[in-house]
**Student:** 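Please read through the structure below; I'll follow up with questions.
Order of the sequence lines sets the chain letters (A, B, ...), proteins ahead of strands, with each chain counted from 1.
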Number of protein chains: 2
Amino acid sequence: MVTIKEIAEKCGVSITTVSRVLNNKGDSISDQTKERIFRVVEELNYVPNAVARSMVTKRTNNIALIVPDISNPFFADIAKGAEKTCVTNGFHLFLCNTDMDKEVENEYIRVLRKRLVDGMIITTQNNEEYDVIFEEMLDSNYPFVFIERYSDKLKNVPGVFASNIEGAYSITKHLIELGHKDIAFLTGPLVTSNAHYRLEGYRKALTDYKLPINPELIRNGNYKVDGGYKETKALLRKKIPFTALFASNDLMAFGAYQAAKEFGLQIPEQLSIVGFDNINMPGVIEPQITTMDIPAYDMAVKATTILLDLIEGQTPKESKVYYPLQFINKGSTAPITEVKRFA
Amino acid sequence: MVTIKEIAEKCGVSITTVSRVLNNKGDSISDQTKERIFRVVEELNYVPNAVARSMVTKRTNNIALIVPDISNPFFADIAKGAEKTCVTNGFHLFLCNTDMDKEVENEYIRVLRKRLVDGMIITTQNNEEYDVIFEEMLDSNYPFVFIERYSDKLKNVPGVFASNIEGAYSITKHLIELGHKDIAFLTGPLVTSNAHYRLEGYRKALTDYKLPINPELIRNGNYKVDGGYKETKALLRKKIPFTALFASNDLMAFGAYQAAKEFGLQIPEQLSIVGFDNINMPGVIEPQITTMDIPAYDMAVKATTILLDLIEGQTPKESKVYYPLQFINKGSTAPITEVKRFA
DNA sequence: CAGTAGAAGTAAAACGTTTTACTGGAAGGA
DNA sequence: TCCTTCCAGTAAAACGTTTTACTTCTACTG
């Protein structure tokens with residue numbers, strides 16, 4: 001590797017001069033010298049060592065985004081928002097995919113925290129047992145931001161959140177108003193706060209409308225297609241009657257749809273299905289799935305902005321932001337009057 | 001930030017000792033001292049600075065994977081394979097998503113190359129104009145590997161490739177053998193080598209079977225759903241008759257499917273559709289789309305293994321690997337005899 | 001008792017930059 | 001002529017580690 005020293009030698013100047021020129025701080029370096037340096041840099045194909053640079057500047061200009069499942073378009077949107085914001089601010093984004101594995105998530109956090117990136121954005125996956133890491137990071141003033149990860153113990157961490165309770169409430173209400181009484185619910189992985197909140201919204205709606213909560217209709221999913229499929233199959237096999245199903249995210253709703261189809265059910269005539277997230281999926285099902293839109297991209301932009309403020313040492317204008325969700329009717333629900341109940 | 005120096009002072013030992021203990025090189029440090037050091041490290045919440053460490057070891061133990069479109073499940077699979085291989089080898093993977101933007105890709109390469117990562121895996125997106133960067137990297141011995149990116153100018157870069165020509169040939173042959181003569185083709189972005197090869201396979205099959213190549217049936221897509229949709233719509237609107245459509249990847253095939261459905265076409269009765277990649281999509285369409293399976297995960301594992309070898313300074317056993325593809329019939333094609341030709 | 005080996009540790013260089021505080025000389029002004 | 005200012009540039013410290021080569025002491029061997 002060619003270093004700045006070699007450039008300096010070859011140019012017959014000091015390394016200070018080279019450094020200055022290369023960093024555009026050469027207010028008092030003659031044009032000839034500058035030119036000569038640039039020429040030699042080109043010639044020797046010199047690439048400054050960012051690691052050495054970071055050591056003295058204490059900056060990498062990189063941030064990391066930790067996501068549980070990059071194949072979920074919801075997180076792909078988050079990634080895009082974060083990336084865009086980074087790029088327009090001279091930062092770079094490293095994406096870290098944990099595959100919903102706590103250990104992997106933690107390992108990433110541990111590694112990244114060693115100053116490899118200037119800060120991180122962490123999405124979902126709660127793992128209370130590891131909250132201590134965040135407390136340490138908070139103590140040592142390491143900049144990080146949450147997206148959709150809430151913990152009472154970590155109230156002071158800036159974050160960006162969807163109004164999950166309200167969202168789940170309103171989509172459940174939609175089903176109730178169509179006359180549904182037996183509404184199945186697929187949770188997300190209960191290690192995440194949003195999975196809890198969505199369940200809470202569902203429960204609250206049922207309670208407010210004086211409908212019983214049937215624990216048998218509530219099943220634990222994993223926010224993935226296969227989970228939605230499996231749990232719905234299980235529900236259908238058990239023959240507990242239900243006329244609507246609320247999957248905590250769209251991916252599971254897809255799985256539920258598939259399971260229902262295989263069971264020969266017409267959607268929405270025989271079964272209403274709703275999801276959550278409003279992900280942009282190429283899946284060409286008909287009808288598409290009614291859902292709650294979460295402004296993932298905007299949330300990511302906001303989270304990144306907050307993080308960058310933190311990195312610059314500024315207190316961000318808002319450090320906790322809640323986003324309202326929007327009901328998107330795509331036709332996968334129907335009034336119960338039309339329901340031809342399946343056996 | 002607490003440094004190794006502070007730990008050393010608080011323990012009343014030299015920093016050498018601390019470093020040794022922390023790196024498990026303390027073959028000759030007494031157990032008491034070790035224990036004391038660990039206690040103080042814990043107490044002060046010391047996190048070694050990876051940047052400083054990297055500077056002397058010249059290693060980061062991180063590699064980067066650059067992908068054009070992380071929302072494409074094909075690349076999500078690649079990412080998983082790479083990540084897995086990294087983790088089992090004590091490395092970490094940073095994912096960089098370029099959104100198919102050459103400039104962004106290049107910026108990433110430029111930044112990463114400054115020793116922020118020990119090497120990189122670069123997938124698709126050719127941009128000949130920038131090949132010079134790779135030549136430089138080759139010259140300076142910077143470790144990198146291609147997945148599905150081929151350039152004659154860069155023959156010496158190790159890489160892992162799908163047998164695109166053969167694959168495209170055989171799936172086209174499948175259509176021809178069903179009696180199709182007018183087979184539309186949606187290309188990928190022609191800045192990628194694999195888009196070219198798939199087109200070549202298609203052409204070759206037509207030629208071998210003495211079928212004319214109709215340029216009007218070949219349209220340039222972008223490997224995304226919207227591209228498949230748009231180009232298929234355009235084809236259908238032009239009323240140039242075709243009875244089969246070969247989309248260069250599954251994402252575009254989804255778009256094509258959607259377009260065809262909107263046109264009221266039955267699939268496969270009125271239009272046979274095939275894709276490429278065999279991505280694992282939740283889209284619950286029926287029939288699913290016949291495709292060529294590319295062993296993305298395995299390819300990524302291989303590419304990562306090669307890269308890690310390179311990083312360790314070993315010459316990898318194989319530095320250019322071609323993977324055969326497998327035809328997967330999912331029922332989206334039908335013999336032409338059944339085709340009720342659309343107007 | 002001299003010599004040696006091992007145990008437990010240390011001082012200092014090195015990694016490749018940036019940055020702070022300085023220097024030598026030329027030009028300009030009084 | 002002397003003083004000041006500006007220009008063009010430099011030396012050296014600093015960043016936080018790892019690593020090489022060394023030291024000191026104790027215990028053991030013959």
**Student:** B/T33 side chain N/O closer than 4.0 Å to the phosphate oxygens (OP1, OP2) of C/dA8?
**Tutor:** no
**Student:** Let me know the distance between NZ of A/K5 and P of C/dT18, rounded to the nearest Å.
**Tutor:** 16 Å
**Student:** Does A/K25 have a side-chain nitrogen or oxygen under 4.0 Å from the phosphate oxygens OP1 or OP2 of C/dT19?
**Tutor:** yes
**Student:** Dump the pairs, protein N or O against N or O of nucleotides 10-16 of chain D, anything under 3.5 Å, distances to one decimal.
**Tutor:**
residue, atom, partner, partner atom, Å
D/dT10, OP1, A/S14, N, 3.3
D/dT10, OP2, A/S14, N, 2.7
D/dT10, OP2, A/S14, OG, 2.8
D/dT10, OP2, A/T17, OG1, 2.5
D/dT10, O4, A/R20, NH1, 3.2
D/dA11, N7, A/T16, OG1, 3.4
D/dA11, N6, A/T16, OG1, 2.9
D/dA12, N6, A/T16, OG1, 3.4
D/dC15, O3', A/K58, NZ, 3.3
D/dG16, OP1, A/K58, NZ, 3.0

**Student:** Would you kindly give the CG-to-P distance between A/N24 and C/dT19, to the nearest whole Å?
**Tutor:** 13 Å
**Student:** With a 4.0 Å limit, can you tell me whether B/S19 has a side-chain N or O closer than that to the phosphate oxygens OP1/OP2 of D/dT17?
**Tutor:** no
**Student:** Side-chain donor-acceptor pair under 3.5 Å between B/T16 and B/S19, yes or no?
**Tutor:** no
**Student:** Please determine, by modelled atom types, if A/Y223 and A/N194 share a side-chain donor-acceptor pair under 3.5 angstrom.
**Tutor:** yes
**Student:** For A/S54, answer base if it contacts any base atom (sugar-phosphate contacts may also be present), sugar-phosphate if it contacts only those atoms, and nothing otherwise; contact means non-hydrogen atoms under 4.0 Å.
**Tutor:** nothing
**Student:** May I ask you to say whether B/R110 pairs ionically with B/E107, meaning some side-chain N is under 4.0 Å from a carboxylate O?
**Tutor:** yes
**Student:** What's the CG-P distance between B/D27 and C/dA7, to the nearest Å?
**Tutor:** 9 Å
**Student:** In whole Å, I'd like the distance from the CD atom of B/E6 to the C1' atom of D/dT17.
**Tutor:** 14 Å
**Student:** Checking A/T17 against A/S14: is there a side-chain donor and acceptor pair closer than 3.5 Å?
**Tutor:** yes
**Student:** Between D/dT18 atom P and B/N61 atom CG, what is the distance in whole Å?
**Tutor:** 13 Å
**Student:** So which heavy atom on B/K320 is nearest to which on B/V157, and how close?
**Tutor:** NZ-O, 3.0 Å
**Student:** With a sphere of 6.0 Å drawn around NZ of B/K10, does it hold more than 12 non-hydrogen atoms of other residues, nucleotides or ligands?
**Tutor:** no
